[in-house]
Protein chains: 4
Amino acid sequence: MSQTGSRKAASQDRRAAILQAMLELIAERGFHDTPMSMVSQRSGASAGIIYHYFDNKEELIHSLYTEVKIDYTRALMQDHPENLPPAQAFRQIWLKGYQYHREHPQETLFMEQFENAPYFEKHPQVPETEEALSRMLALFSTPEGKFKDLPLEVLWEMSLGVASRVARQEHLSGSLGLDAQKLDLMALACWQAVSEQPSAQS
Amino acid sequence: MSQTGSRKAASQDRRAAILQAMLELIAERGFHDTPMSMVSQRSGASAGIIYHYFDNKEELIHSLYTEVKIDYTRALMQDHPENLPPAQAFRQIWLKGYQYHREHPQETLFMEQFENAPYFEKHPQVPETEEALSRMLALFSTPEGKFKDLPLEVLWEMSLGVASRVARQEHLSGSLGLDAQKLDLMALACWQAVSEQPSAQS
Amino acid sequence: MSQTGSRKAASQDRRAAILQAMLELIAERGFHDTPMSMVSQRSGASAGIIYHYFDNKEELIHSLYTEVKIDYTRALMQDHPENLPPAQAFRQIWLKGYQYHREHPQETLFMEQFENAPYFEKHPQVPETEEALSRMLALFSTPEGKFKDLPLEVLWEMSLGVASRVARQEHLSGSLGLDAQKLDLMALACWQAVSEQPSAQS
Amino acid sequence: MSQTGSRKAASQDRRAAILQAMLELIAERGFHDTPMSMVSQRSGASAGIIYHYFDNKEELIHSLYTEVKIDYTRALMQDHPENLPPAQAFRQIWLKGYQYHREHPQETLFMEQFENAPYFEKHPQVPETEEALSRMLALFSTPEGKFKDLPLEVLWEMSLGVASRVARQEHLSGSLGLDAQKLDLMALACWQAVSEQPSAQS
DNA sequence: AATGAATGAGCCTTCATTCAT
DNA sequence: CATGAATGAAGGCTCATTCAT
């Protein structure tokens with residue numbers, strides 16, 4: 001059984017290596033400039049065996065997306081502070097999102113590409129993400145701090161979407177000079193955008 | 001001269017037809033799932049003649065990007081209101097941006113894809129866009145209304161970037177139920193994000 | 001008539017320009033890397049009009065070959081010395097051949113390529129060449145100086161063939177350091193090869 | 001190991017079949033009238049697999065040239081007689097050269113074409129050929145028999161160059177009626193051309 | 001006669017996927 | 001399970017030739 005165990009482990013390693021290779025290559029070159037032969041080479045797996053783990057290239061990419069999305073969601077929710085005023089909670093989550101994207105540029109580029117690719121059938125919802133999202137939302141439906149009355153998608157774009165895109169731009173074009181103070185200002189700006197402001201209308 | 005003129009006109013028509021076909025197809029299928037043969041078919045031009053108008057596929061796409069970008073910029077600046085309070089000016093521009101994206105989903109999808117494609121060398125700056133951008137910026141460096149002290153790229157993502165991405169999502173996933181009131185709220189939210197707020201609570 | 005004459009002259013000029021362009025381009029790039037469009041460009045003739053002068057690319061090349069071959073033959077026979085001892089006559093002709101090839105590298109490269117191209121149907125004999133050849137031969141069937149009893153083609157390769165190939169090599173690889181003395185030695189060597197030697201067997 | 005061996009053998013066979021097909025086709029039709037699809041068909045290999053063995057068409061042709069050149073060189077040096085008077089040694093080598101070209105018309109046509117093709121960058125020296133050439137030269141720098149004081153390229157054209165071109169002509173235009181006696185006479189003629197003659201008449 | 005835009009067959013090459021070993 | 005040679009359908013692009021103007 002220990003043998004079976006190690007075989008299984010080796011198998012999981014190989015699967016992971018393939019996913020990792022695909023992730024790196026897509027970030028570097030894009031979907032279509034990433035031939036399976038290159039994934040094979042980079043991952044150390046033979047061309048044939050990849051089709052043992054994944055039905056085809058498309059399915060491999062969908063699997064990768066699911067894994068990355070879960071990883072990202074976990075990062076967002078990790079060490080989640082309980083009992084914090086909404087503004088603070090938002091700030092922390094926003095900063096964690098930004099940090100994730102900065103520390104995982106490949107994942108960021110990949111998600112961006114994937115979500116922009118019209119030839120990929122709509123990816124099924126990732127349950128982990130859905131659940132985390134609703135947990136997050138609950139934090140911001142309190143008397144002390146509410147979101148504006150806008151669709152969830154819009155709120156997302158105004159907050160974590162901005163974090164993602166700014167982090168991606170920083171990665172691609174070098175630094176934008178965002179120090180801790182500027183990051184705080186950005187988190188605040190997003191909070192001002194999504195939250196009900198005391199005396200809004202200028 | 002009328003003969004030369006009509007020949008020129010026909011030639012321009014064909015060029016435009018090719019660009020249009022490429023635009024539609026990229027929006028529908030993406031760069032790499034758009035073979036030149038399909039562009040040829042859709043545009044009614046023969047496969048060979050495309051290379052009379054464009055050096056190669058890549059150059060065709062770059063040309064398309066330039067044209068679309070200019071078109072978009074024009075839309076943003078059209079009927080530009082002089083002597084408006086910054087908050088109002090911002091609101092108008094934001095709404096025009098949003099409107100453009102809603103009315104030009106293909107252009108929107110295309111720009112998004114193009115700007116996300118790692119295999120496209122940096123496209124040369126489009127002068128029209130640069131100029132419009134600086135004209136816009138001038139509107140928001142007044143005592144009555146200033147932008148937050150954040151890089152231009154960040155401000156863009158928090159404002160017109162949001163308009164683009166929300167419009168794109170609406171196009172892809174059907175309506176998000178954004179009526180005029182919600183759009184106003186969104187424009188305001190973006191303004192709150194990018195502008196210096198009177199008493200920013202911590 | 002003067003108009004007709006000048007029209008005819010212009011027409012001939014154009015024809016010549018086309019042939020010249022093709023000659024240059026083939027020498028520089030070879031048959032197959034010489035598109036008709038390039039011939040059109042270099043010659044200043046439109047793509048369409050070329051087919052007014054020549055049936056197709058192949059016929060154009062055959063016409064060029066005929067012209068070049070006649071030109072070459074004329075050069076060989078020009079100022080032909082009468083009443084010279086065979087050895088002297090041979091030397092003069094050989095040197096004229098060599099000189100032609102040095103002064104006309106494009107023609108030389110073209111003839112070489114043409115005669116080596118398996119896809120060109122056998123070119124019909126050029127009468128001018130045939131006639132010149134037999135006039136030349138007559139010079140070397142005298143008691144004082146005879147050719148060896150070998151087929152004409154062999155004698156050709158041992159004499160003017162060598163001149164052609166050496167001149168071509170010099171052109172391609174820069175100088176081989178062939179001064180007047182060496183050229184004389186080469187002419188002599190060829191004469192020794194083709195002529196009956198007094199006491200041959202070493 | 002026998003398995004690996006046979007796989008290797010099969011692989012070598014296929015490589016050889018591709019080279020052979022290319023050789024035949026170039027001899028029949030020339031480089032540019034030999035599409036890869038035809039090489040694929042003639043060799044029995046699929047179109048794609050050719051690129052497993054060779055980077056591209058050009059590299060395939062260069063590889064072919066190297067192989068043919070080595071083969072030719074081997075033929076020239078095979079059973080090389082030691083301690084023969086230079087005139088005899090020359091005669092033997094010349095005849096072997098001629099014989100090779102007669103027995104290998106495809107190789108002959110191919111080499112001729114290759115060496116005449118302006119679009120092929122200079123092929124890297126083939127070491128085997130270089131070495132054989134210098135071994136040959138040594139035979140003809142003795143008191144009893146010397147070459148004329150002419151560049152090596154010239155001597156080559158006057159000797160083995162002639163053998164090649166005559167053999168090629170015989171192949172293309174049928175027999176020139178060259179029996180053993182005539183061949184001996186040709187070998188002698190070439191020797192007379194390249195060697196210092198006792199009393200060279202002017 | 002002259003132009004040059006247009007055609008479309010064909011070329012070289014790539015690559016997702018399969019399958020004999 | 002694993003390998004990697006093999007397949008063959010495209011894909012981007014070229015170019016000899018035609019034809020509307």
Side-chain angles (χ1 to χ4, degrees), chain A residues 7-8 10-11 14 32-41 44-60, chain B residues 2-8 10-11 14-15 31-41 44-60, chain C residues 7 10-11 14 32-41 44-60, chain D residues 2-4 6-8 10-11 14-15 31-41 44-60:
Chain A
R7 197 148 36 192
K8 241 186 217 162
S11 176
R14 172 129 41 186
H32 288 280
D33 272 3
T34 299
M36 292 297 270
S37 60
M38 212 173 258
V39 176
S40 148
Q41 210 171 14
S46 78
I49 201 63
I50 296 180
Y51 290 84
H52 217 77
Y53 293 95
F54 306 95
D55 283 351
N56 50 46
K57 190 180 182 181
E58 191 158 328
E59 202 249 303
L60 162 51
Chain B
S2 80
Q3 227 187 15
T4 306
S6 75
R7 202 166 10 212
K8 235 185 223 164
S11 179
R14 185 160 313 226
R15 200 188 121 98
F31 298 137
H32 291 282
D33 273 4
T34 298
M36 292 298 269
S37 58
M38 212 171 260
V39 176
S40 143
Q41 216 168 11
S46 79
I49 199 60
I50 298 181
Y51 294 87
H52 200 75
Y53 293 96
F54 305 95
D55 281 350
N56 49 47
K57 190 180 181 180
E58 191 157 327
E59 203 247 305
L60 162 52
Chain C
R7 196 153 32 197
S11 177
R14 172 129 41 185
H32 289 280
D33 273 2
T34 298
M36 292 298 270
S37 60
M38 211 172 259
V39 175
S40 148
Q41 209 170 17
S46 80
I49 202 62
I50 298 182
Y51 290 84
H52 218 75
Y53 293 95
F54 305 96
D55 283 351
N56 51 44
K57 189 180 183 181
E58 191 158 329
E59 202 249 305
L60 163 50
Chain D
S2 77
Q3 228 185 16
T4 306
S6 73
R7 205 171 3 217
K8 234 185 223 163
S11 179
R14 184 159 312 222
R15 199 189 122 98
F31 298 136
H32 291 281
D33 274 4
T34 298
M36 293 298 268
S37 60
M38 211 171 261
V39 175
S40 145
Q41 214 167 13
S46 79
I49 199 60
I50 298 181
Y51 293 84
H52 199 74
Y53 294 97
F54 305 95
D55 282 350
N56 49 46
K57 190 180 182 182
E58 190 158 327
E59 203 247 306
L60 163 51

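Everything numeric here is computed off the predicted structure, so don't read it as measured data. Order of the sequence lines fixes the chain letters, A, B, ..., with proteins taken first and strands second; residue numbering starts at 1 for each chain. The figures that follow rest on heavy atoms only: side chains count, while hydrogens, waters and symmetry mates do not.
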A.B. asks: C/Ile50 CD1 to E/dA1 C1': how many Å, rounded?
C.D. replies: 15 Å
A.B. asks: Can you measure B/Asp55 atom CG to F/dT14 atom C1' for me and round it to whole angstrom units?
C.D. replies: 13 Å
A.B. asks: B/Arg14: what forms a salt bridge (charged side-chain N to carboxylate O under 4.0 Å, His left out) with it, not counting sequence neighbours?
C.D. replies: none
A.B. asks: Nearest to the side chain of C/Asn56 - F/dC13, F/dT17, E/dA2?
C.D. replies: F/dT17
A.B. asks: Please figure out whether B/His32 or D/Ile49 has its closest DNA chain F nucleotide nearer the 5' end.
C.D. replies: D/Ile49
A.B. asks: Calculate the interatomic distance between D/Phe54 atom CZ and E/dT14 atom P; express it in whole Å.
C.D. replies: 15 Å
A.B. asks: Atom CE of B/Met38 to atom P of F/dG11: distance rounded to whole Å?
C.D. replies: 7 Å
A.B. asks: Between C/Ser40 and C/Ala47, what is the shortest heavy-atom contact and its length?
C.D. replies: OG-N, 3.5 Å
A.B. asks: Rounded to the nearest 0.5 Å, how far does OH of B/Tyr51 lie from CD of B/Glu59?
C.D. replies: 11.0 Å
A.B. asks: So B/Asn56 and B/Met36, side chain to side chain contact (heavy atoms under 4.5 Å, CB included) or not? Walk me through it.
C.D. replies: CA-CA 9 Å; B/Asn56 49 47; B/Met36 292 298 269; over 6 Å; no
A.B. asks: Send over the distance from A/Glu59 CD to E/dT17 P, rounded to a whole Å.
C.D. replies: 11 Å
A.B. asks: Return the nearest nucleotide to the side chain of C/Arg14; candidates are E/dC11, E/dT3, E/dG4.
C.D. replies: E/dT3
A.B. asks: Please tell me which of the listed nucleotides, E/dA2, E/dA16, F/dA6, lies nearest to the side chain of A/Lys57?
C.D. replies: E/dA16
A.B. asks: What is the distance, to the nearest angstrom, from the CD atom on D/Gln41 to the C1' atom on E/dG10?
C.D. replies: 14 Å
A.B. asks: Out of curiosity, D/His52 NE2 to D/Ser11 OG, how far, rounded to the nearest 0.5 Å?
C.D. replies: 7.0 Å
A.B. asks: Separation of C/Tyr51 atom OH from E/dA1 atom C1', in whole Å?
C.D. replies: 17 Å
A.B. asks: Looking only at atom C1', what distance separates F/dT21 and E/dA1, rounded to whole Å?
C.D. replies: 13 Å
A.B. asks: Which residue lies toward the 5' end of DNA chain F, B/Thr34 or C/Met36, if each is placed at its nearest nucleotide?
C.D. replies: B/Thr34
A.B. asks: Out of E/dA16, F/dT18, F/dG12, which nucleotide sits closest to the side chain of A/Pro35?
C.D. replies: E/dA16
A.B. asks: More than 12 heavy atoms of other residues, nucleotides or ligands under 6.0 Å from CD of A/Gln41: yes or no?
C.D. replies: no
A.B. asks: Identify which nucleotide among F/dC1, F/dC13, E/dA2 has an atom closest to any side-chain atom of A/His52, counting heavy atoms from C-beta outward.
C.D. replies: F/dC1
A.B. asks: Are side-chain heavy atoms of B/Ile50 and B/Lys57 found at a separation under 4.5 Å?
C.D. replies: no
A.B. asks: Take N1-N3 plus N6-O4 or O6-N4 for Watson-Crick, N1-O2 plus O6-N3 for G-U, both under 3.5 Å. Which runs of 3 or more such pairs involve DNA chain F?
C.D. replies: E:2-21 with F:2-21
A.B. asks: Take the protein atom CZ of D/Phe31 and the nucleotide atom P of E/dC12, then report the distance between them rounded to whole Å.
C.D. replies: 13 Å
A.B. asks: Contact class for B/Tyr53 vs. all strands (heavy atom < 4.0 Å): base, sugar-phosphate, or nothing?
C.D. replies: sugar-phosphate
